Amino acid sequence: MRWGMVIDLKRCIGCYGCQLSCKAENGTPPGVFFARVHKQEEGQYPTAQTTFLPVLCNHCDDPPCVDVCPTGASFVWEDDGIVDIDADKCVGCRSCMMACPYSQRFLNDDPQNYYGDQGATPYEQARVERHQTGVVMKCNFCRDRVRNGQDPACVENCPTIARYFGDLDNPNSEVSRLIRERSGFPLHPEKGTNPNVYYLPA
Amino acid sequence: MTSTNSGRYEQLIKDYQTEYRPQREWSEGRGFFLILGHFLVGVAAGAWLFGLFFQDKISLLAGFVLAGLGGLAHLANLARPERFILMMLRTATSWVSRGFWGLTLFLIGSVIYLPSLMFSDTFWQSDSVIADVGVVFSIAGSIIMMAYMGFVYTASKAIAFWNSTLHPVLYISYALRGGAAAHLLSLAFQGEAVSGGSDILIFWIAVTVTVIVLWIFEIQGALTSGEEAAVHSVHDILAGRLALYFYVGILLIGLFVPVFLMAGIIAPLSPTLFALIGLTSVAGDFFMKFSSIKAGVFSPVRLYSGNNRRATRRRKI
Amino acid sequence: MDDVPQNLTNAAETTGEVDDKWVSSSCSLCYASCSIKAHRVNGTVIKIEGNPESAVGKGRLCGKGVSGIMSHYDPNRLNKPMKRTNPEKGKGVDPMWEEISWDEALDTVAGKLKALREDDPRKLLIMRTTTVMTQHIPPFAFMSAFGTPNASAAGGGLHCGNGAHLISGIMHSSWSIVPDFQYCNYAVYFGASKGHAAGHASCSNMTMAADARARGMKMVVVDPFANQAGANSTEWVPIRVGTDAGLALAMANVLVNELEMYDVAYLKAKTNMPYLIGNDTRYIRDSETNKPMVWDSATSQACTFDKTDSADMAIEGTYMVDGKQCRPGFVLMKEHLKTYTVERGEEITTIPAENIRRIATEFAEEARIGSTIVIDGVTVPYRPVAAIAFRGSQGHKNSTYNMLSVDLLNHLVGAADVAGGCLGFNPACDGYPETGRLKYIPHPDPDGLMITGSWMGPHGPYPIGDPAPPERVGLQNLFPMAMGSVFQGSTDQEEMWEKFDFDYRPEFLLNLGANQIMSVGNSDAVEASLKKFKFIVSFDIFATETTEFADIVFPDCGYLETTDSRSNFPFIFSLPAGLGEWCWPIRQEVVEPEGERRLFADVLQELGDRIGITPDLNAAYNAWFELEGENRLKPDRKYTFAEIGDHDLKDKFGPDKGLDYFKEHGLVKWPKKPNEVYWRAFTDVRVPLYWEWMNDTWEKTMAIAEPKGLDIPKEYYSPLPDWLPCPSHECDHEDFDFYAFYYRDIVHTNSLTMENAWLDEAAQLDPYSYNIAINASVGREKGLQSGDLISVENEHGHKVEGRARLTETIHPEGLGIGACAGHWARRMPTAKGKGVFFNDLVELDWHHSSPSNLTVDLCAKVKVTKLEAAQ
Ligand SMILES: Nc1nc2c(c(=O)[nH]1)N[C@H]1C(S)=C(S)[C@@H](COP(=O)(O)OP(=O)(O)OC[C@H]3O[C@@H](n4cnc5c(=O)[nH]c(N)nc54)[C@H](O)[C@@H]3O)O[C@H]1N2
Ligand SMILES: Nc1nc2c(c(=O)[nH]1)N[C@H]1C(S)=C(S)[C@@H](COP(=O)(O)OP(=O)(O)OC[C@H]3O[C@@H](n4cnc5c(=O)[nH]c(N)nc54)[C@H](O)[C@@H]3O)O[C@H]1N2
Ligand code: SF4
Ligand code: SF4
Ligand code: SF4
Ligand code: SF4
Ligand code: SF4
Ligand SMILES: [Mo]
């Protein structure tokens with residue numbers, strides 16, 4: 001069992017729905033984005049093109065973030081391949097942030113809230129303040145949801161159905177099939193991380 | 001309390017707006033202590049080794065104190081310092097963990113060895129087995145300390161500029177140069193004459209040349225690595241946000257001034273000059289580390305890289 | 001749940017129960033009103049997700065929708081009624097708010113309204129925001145009950161708007177148009193982001209458009225900027241701002257005169273192209289019945305349009321009828337289009353002539369004229385092409401014709417409301433099966449032309465009324481094709497009122513959310529118009545820039561505190577078009593109103609009660625909600641808006657399906673049938689491609705306007721569409737070399753969401769949202785680079801500032817500014833100073849608006865000056 005995600009760039013419209021539904025699901029503090037959307041231009045007028053590139057933790061098979069972690073706070077769930085962080089063990093050394101070639105790790109520095117001096121909103125009190133501070137955070141493929149039989153929040157919400165989630169170990173899963181049939185590829189394979197998030201060409 | 005109207009947050013958002021986002025985690029705020037820590041333990045290890053070699057108590061003592069301070073600085077870098085002990089757990093893969101062991105070994109070793117040297121009548125003799133164990137521990141610890149830092153940076157895959165395999169060698173060289181400088185200071189402190197320092201000066205020159213050569217290789221490597229982020233870092237050092245540190249801190253203070261002093265152009269080499277050479281050399285090393293750590297720029301995440309080449313989606317008009 | 005907040009805030013605390021509920025409701029971060037489920041735990045909303053049961057959004061939300069929590073819990077929201085203590089009003093002037101009791105606030109306002117109504121009810125102007133769908137009917141009801149003709153949306157000028165809704169209404173019986181994503185193979189977008197960032201049924205369309213692209217639908221996006229729809233296109237066609245009619249007419253010319261590929265059967269049966277037109281440009285009418293006549297080629301004589309088989313109607317030739325020489329409308333159309341050669345098209349639009357020809361050819365070929373398809377056992381015409389337009393192309397002085405020219409393409413190939421073609425949003429509905437209610441269908445007027453079956457306002461888009469001496473503050477009586485009007489905030493409004501001998505002036509503004517000083521045009525003009533009001537009451541959720549002009553502020557409930565029986569009706573607005581389901585969701589309170597907030601609709605009821613118009617209000621609601629039988633409101637009872645909603649729901653869905661049922665189930669839905677979706681083939685109505693009334697309308701308008709010294713340019717009133725320039729195209733000042741335009745950013749809705757901290761953060765990270773997009777090579781030639789602070793100035797000296805963003809994805813003459821940004825209100829700290837306030841470049845006067853529908857021209861020729869280099 002190895003959870004993976006497929007993002008179809010032909011469908012994605014760069015709506016930030018993943019970035020924001022992830023925020024809502026996980027109550028991430030200001031400046032922390034488990035999911036993000038990059039916009040990148042290529043080519044020249046008039047054939048130039050903007051590509052929308054949604055990114056998240058790739059739950060790499062060979063995660064440098066886990067290798068460098070001195071405490072074992074960063075680890076891989078053996079049963080499903082999810083790369084996760086045990087907040088109780090993290091010392092906040094940030095080595096993993098320097099190791100992740102995809103910028104997918106964030107330090108939850110101090111208590112933070114979105115409306116500054118006006119204080120934490122009731123939502124933030126309920127959802128943001130439960131996170132430990134002084135530790136590094138990242139996407140964990142919404143493991144609680146997934147274990148509940150749901151898709152990750154960003155997958156379930158994506159308005160264009162550009163995101164798919166499933167078992168990459170199973171050759172018959174939708175994700176495996178999509179990768180096979182539409183030549184899915186991961187980001188920066190040259191980094192040797194063996195990501196479990198794949199992209200389908202636009 | 002950090003919130004959306006804090007300067008730190010604004011800086012973060014500004015960084016994310018740029019393609020080549022500078023790393024700040026290991027250079028600003030509490031991150032400064034990591035630079036300091038790496039600097040201190042580097043010099044400490046060098047000083048210790050030189051101290052052992054020349055049987056120079058002051059260098060040894062300095063090495064011990066600096067390593068202790070360096071250790072504290074390392075802790076100050078942690079957002080959760082109270083959990084530091086957990087950092088011993090992952091030596092199989094983590095250089096930070098290994099460095100932690102190195103420092104621990106060193107501190108244990110030096111705590112064992114130093115008393116034999118300082119208060120040999122109260123404790124054990126410096127040629128006792130106990131002291132020998134201390135020496136072995138401390139040497140092993142020093143070597144790990146010198147080396148681990150470079151590997152920590154090399155293992156930081158997000159920062160192309162640090163990825164070079166030269167990094168560990170470079171850090172070892174820094175440590176040695178730092179050790180030499182510490183020894184010079186120690187000599188100055190003891191009022192030793194020029195003659196007594198000539199070996200160490202020659203060593204200093206040799207290691208400095210090594211550092212320069214390695215550094216040029218590293219820059220060259222960064223420029224030809226095909227990693228735009230690394231090129232960006234080099235640019236930041238040579239002509240960008242860090243240029244001042246490079247030209248003033250590294251070149252002027254760390255290289256020209258000591259060489260100038262050494263050449264005896266100003267005055268014959270006196271203990272004061274020894275001290276100055278040591279200090280400027282050490283300061284230069286600090287700026288070297290400071291700027292190369294600060295120059296770290298995250299590689300942007302791109303859709304197509306390496307073997308992934310894009311097919312044109314849109315019809316050409 | 002392991003993350004129950006410590007401070008339990010509601011009854012659960014005392015009972016020891018844990019409150020944990022998913023409440024079905026509707027989003028309101030934009031007017032698409034997608035169906036949501038809000039997760040409430042111990043009184044706190046901790047998540048908003050889409051409601052997968054619903055056809056509106058189908059369980060998926062855009063980034064704004066999921067971020068509604070942040071707008072809801074914004075500490076800057078209004079919680080108490082306030083009055084100003086600083087009598088001086090102005091942009092940025094501190095009103096020095098003082099909190100007051102509801103009683104004081106209501107007394108003051110009711111007192112003023114009562115006096116005003118006795119004096120002259122017309123002096124009341126009701127303004128509402130377009131962004132919030134709840135605010136659709138109560139303001140109209142209050143308007144009718146109070147007796148004022150003056151109500152308008154979003155400050156007037158209706159950017160969305162006037163042209164798009166008029167033409168969509170006349171031609172598709174709907175508020176807007178969209179490709180039939182399920183079957184369309186080739187869609188040409190003229191300045192619309194439907195399915196990619198904005199528009200009606202915004203989020204639902206995103207899913208459908210993605211399906212269509214995945215299926216292989218080609219998308220040709222005509223837009224000066226390719227950062228949204230253009231980025232997903234098969235082909236991006238950069239166009240000079242404001243010239244879409246030039247392109248569309250040149251394409252039409254290729255279809256009709258070069259390729260001769262058009263749907264003859266459709267033109268004969270479904271349009272007025274066979275109607276005979278005399279040399280006086282009017283229909284040849286039957287002397288007895290007054291009906292328009294056609295030439296019956298079977299009998300070789302003229303007859304009224306309803307007296308022969310449409311297949312026999314001639315659309316070519318010249319005839320003599322009753323001694324008058326006449327030709328079918330199509331002949332005139334063909335002749336007219338000949339002047340729009342592709343070369344002329346290139347000159348107007350900058351699009352190479354060959355490309356225009358190629359795109360037109362592809363469009364014609366893909367149309368498969370004459371083909372049919374069987375869907376669910378029903379045979380319907382199949383024309384898998386669509387030409388779509390919205391705000392971008394029609395927000396110009398030539399608003400009406402820009403939109404009409406684009407839609408003409410659909411009608412020429414018969415691709416209107418057929419499978420694969422250009423669809424209106426649900427123009428026909430057979431009704432809810434269990435009650436037969438909600439049945440509506442377009443029907444013909446005596447001339448055979450289509451009258452809508454359902455509409456958003458008091459009267460439909462067609463037939464066009466007769467111009468009358470103006471009485472409404474926006475002069476819409478004189479301009480019957482206008483919905484909103486520039487004159488609500490223009491610099492020349494007083495001049496106009498004087499010209500037309502207005503015997504009153506608007507004195508009292510009842511503002512329901514609209515932030516008109518930001519949303520309409522340059523703020524100097526709107527400021528001046530706001531200062532003229534003797535009294536302003538604003539219902540708002542934030543102390544916006546406009547609300548800063550108010551004398552009394554009422555804190556309204558936000559959408560999570562509101563119950564509304566029709567969050568998504570009329571179906572012609574934001575229910576997804578095409579096959580699928582009819583779906584009627586509601587909006588309901590997820591949490592109780594915080595502070596002293598009260599729902600504006602209930603406050604209107606209270607005010608109505610205090611000024612003694614409750615019976616009128618109830619009658620108005622009966623009419624607006626079309627309540628029947630025992631569901632009609634009783635004259636004297638004061639109802640809450642939720643109670644009225646209960647009546648509405650029972651009236652439409654039966655006694656067992658009142659508010660309680662909907663609160664529990666969230667919605668009612670039933671399947672759409674092919675004959676509803678593709679109604680055009682099954683409905684005997686025609687649409688005008690030849691706008692015969694235009695000359696009459698012009699003459700009648702001139703008869704009123706000319707004596708008052710207002711000249712109405714005739715070229716805006718001819719029966720066949722033309723490309724006519726914007727004022728920006730006529731600007732020849734040196735150094736004014738960019739056409740500035742705005743576009744909707746995908747993470748922001750108008751000016752509303754700028755205060756939402758999550759969305760603001762996302763927008764800050766977006767390369768374009770808060771910056772000024774300029775073509776990279778042009779920018780570099782001017783010595784600009786990304787991040788430079790620049791000033792953008794129009795030829796009238798109005799300026800805005802912002803940071804440049806050089807991009808390869810914008811037309812060299814274009815200068816694009818996102819969203820409705822640049823807030824300055826003191827109580828909106830997140831929004832304050834973010835992004836660029838485009839609208840200060842928009843001139844508000846007669847010269848800069850459409851002489852036929854009063855839409856404000858949204859482009860400006862501008863000069864760019866560098867103020868400060870990028871840091
Ligand atoms: N630059 C620029 N200008 C534009 C546009 C643009 O995209 N860019 N869009 C144009 C178009 S098409 C339109 S329709 C108009 C829209 O213009 P407006 O109708 O003025 O809409 P908004 O700017 O969203 O402002 C709506 C305001 O309503 C208030 N509000 C929100 N929810 C509620 C509620 O539940 N109750 C009450 N009482 N108030 C509420 C908020 O304070 C918000 O600021 O703007 C037009 N102007
Ligand atoms: N995300 C989001 N969704 C919204 C709204 C919002 O503010 N944000 N507002 C809602 C409202 S009120 C409305 S009215 C709709 C509007 O929905 P749209 O009409 O789709 O919105 P716009 O982005 O204003 O215009 C569409 C495109 O027109 C382009 N454009 C500008 N000028 C021209 C021109 O002269 N010619 C051509 N061909 N293109 C041009 C712009 O670059 C833009 O890409 O969206 C609704 N939905
Ligand atoms: S939610 Fe879906 S469509 Fe939107 S940016 Fe993310 S992946 Fe793309
Ligand atoms: S993407 Fe980064 S954080 Fe995620 S597993 Fe890979 S290396 Fe670790
Ligand atoms: S910050 Fe935490 S998770 Fe990251 S490497 Fe250090 S201990 Fe491990
Ligand atoms: S899987 Fe969950 S945590 Fe990861 S990006 Fe998606 S929503 Fe966020
Ligand atoms: S499209 Fe509009 S209504 Fe739908 S989720 Fe987005 S903001 Fe809400
Ligand atoms: Mo609009």
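Within every chain, numbering begins at 1; the chains are lettered A, B, ... in the order of the sequence lines, protein sequences first and strands thereafter. What's counted below: heavy atoms across the whole structure, side chains too, no hydrogens, waters or symmetry copies. Please read all numbers here as calculations on a predicted model, not as lab measurements.
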**Message:** Can you tell me which portion of A:V128 sits under 4.5 Å from chain C's heavy atoms? Options are side chain, backbone, both or neither.
**Reply:** neither

**Prompt:** Around C:E592, counting heavy atoms of other residues, nucleotides and ligands shown, do more than 12 lie under 6.0 Å from its CD?
**Reply:** no

**Request:** Decide yes or no on side-chain contact (heavy atoms from CB on, under 4.5 Å) for C:H811 and A:Y45, but give the supporting numbers first.
**Result:** CA-CA 8 Å; C:H811 190 282; A:Y45 181 87; 3.6 Å; yes

**Request:** Please state whether the side chain, the backbone, both or neither of C:S67 comes within less than 4.5 Å of a heavy atom of chain A.
**Result:** side chain

**Prompt:** Would the number of heavy atoms belonging to other residues, nucleotides or ligands and lying under 6.0 Å from CD of A:E78 be above 12?
**Reply:** no

**CA sep, side-chain torsions, deciding dist, call: A:Y16, C:D766, side chain to side chain donor-acceptor pair (under 3.5 Å)** = CA-CA 10 Å; A:Y16 293 97; C:D766 186 281; 2.6 Å; yes

**Fill in**
Closest non-hydrogen atoms of A:P46 and C:W236, given as atom of the first, atom of the second and distance, are O-CE3, 3.3 Å

**Message:** Is C:L61 in contact with chain A via its backbone, its side chain, both, or neither, using a 4.5 Å heavy-atom distance?
**Reply:** both

**Message:** How close do A:P159 and C:T207 get, counting heavy atoms only, and between which atoms?
**Reply:** O-OG1, 2.6 Å

**Item:** For the student: nearest non-hydrogen atoms of A:Q49 and C:A231, plus distance
**Value:** NE2-O, 3.2 Å

**Asked** Around A:R147, counting heavy atoms of other residues, nucleotides and ligands shown, do more than 12 lie under 6.0 Å from its CZ?
**Response** no

**Prompt:** Picking from C:N227, C:T807, C:V747, which has the most non-hydrogen pairs under 4.5 angstrom with chain A?
**Reply:** C:T807

**Request:** Tell me, with the steps shown, if C:I69 and A:R127 meet side-chain contact (heavy atoms from CB on, under 4.5 Å).
**Result:** CA-CA 12 Å; C:I69 310 170; A:R127 301 296 291 173; over 6 Å; no

**Asked** So which part of C:V45 gets closer than 4.5 Å to some heavy atom of chain A, the side chain, the backbone, both or neither?
**Response** backbone

**Asked** Would you call A:E156-C:K58 a salt bridge at under 4.0 Å N-O?
**Response** no

**Fill in**
Bottom line for C:P812: the part with an atom under 4.5 Å from chain A's heavy atoms is both

**Asked** Is it the backbone or the side chain of A:E41 that comes under 4.5 Å from a heavy atom of chain C, or both, or neither?
**Response** side chain

**Asked** Using non-hydrogen atoms only, which part of C:E755 is less than 4.5 Å away from chain A: side chain, backbone, both, or neither?
**Response** both

**Request:** For the residue pair C:D760 and A:Y114, establish whether any side-chain heavy-atom pair is separated by less than 4.5 Å.
**Result:** no

**Message:** Please evaluate residues A:T50 and C:E808 with respect to the criterion side-chain contact (heavy atoms from CB on, under 4.5 Å), reporting the C-alpha separation (whole Å), side-chain torsions for both, the decisive distance (0.1 Å), and the verdict.
**Reply:** CA-CA 9 Å; A:T50 299; C:E808 296 286 349; over 6 Å; no

**Message:** Quick one: does any side-chain atom of C:R60 pair with a main-chain N or O of A:T160 as donor and acceptor, under 3.5 Å?
**Reply:** no

**Request:** Heavy-atom distances under 4.5 Å only: say whether C:D74 touches chain A with side chain, backbone, both or neither.
**Result:** both

**Asked** Hey, do the aromatic rings of A:Y123 and C:W758 have their centres closer than 6.0 Å?
**Response** yes

**Asked** What part of C:I48 is in contact with chain A, defined as an atom under 4.5 angstrom from a non-hydrogen atom: side chain, backbone, both or neither?
**Response** neither

**Message:** What I'd like to find out is whether the side chain of C:H72 reaches to under 4.5 Å of the side chain of A:T121, using heavy atoms alone.
**Reply:** no

**Prompt:** Got A:K39 and C:T809 here, is their nearest side-chain heavy-atom distance under 4.5 Å?
**Reply:** no

**Item:** CA sep, side-chain torsions, deciding dist, call: A:Q118, C:N76, side chain to side chain donor-acceptor pair (under 3.5 Å)
**Value:** CA-CA 9 Å; A:Q118 291 173 294; C:N76 301 294; 2.5 Å; yes

**Prompt:** Hey, what do you get for CG (A:N157) to SG (C:C203), rounding to the nearest 0.5 Å?
**Reply:** 7.0 Å

**Message:** I'd like to know if the side chain of C:E761 reaches the main chain of A:G31, judged simply by a donor and an acceptor atom lying under 3.5 Å from each other, with no hydrogens or angles considered.
**Reply:** yes

**Fill in**
So, the part of A:C18 with a heavy atom under 4.5 Å from chain C: the answer is neither

**Fill in**
Taking every heavy atom of C:V66 against every heavy atom of A:G17, the minimum-distance pair comes out as CG2-O, 4.4 Å

**Message:** Is C:S204 close to chain A through its backbone or its side chain, or both, or neither, when contacts mean heavy atoms under 4.5 Å?
**Reply:** neither

**Message:** Looking at every heavy atom in both C:I46 and A:A126, which two are closest together, and how far apart are they?
**Reply:** CG2-CB, 4.0 Å

**Prompt:** Within the side chain of A:E25, is there an N or O that forms a donor-acceptor pair under 3.5 Å with the backbone of C:K47?
**Reply:** no

**Prompt:** Is there a donor-acceptor pair under 3.5 Å between the side chain of A:Y115 and the backbone N or O of C:M70?
**Reply:** yes

**Item:** Side chain, backbone, both or neither of C:D211 within contact of chain A (heavy atoms, under 4.5 Å)
**Value:** both

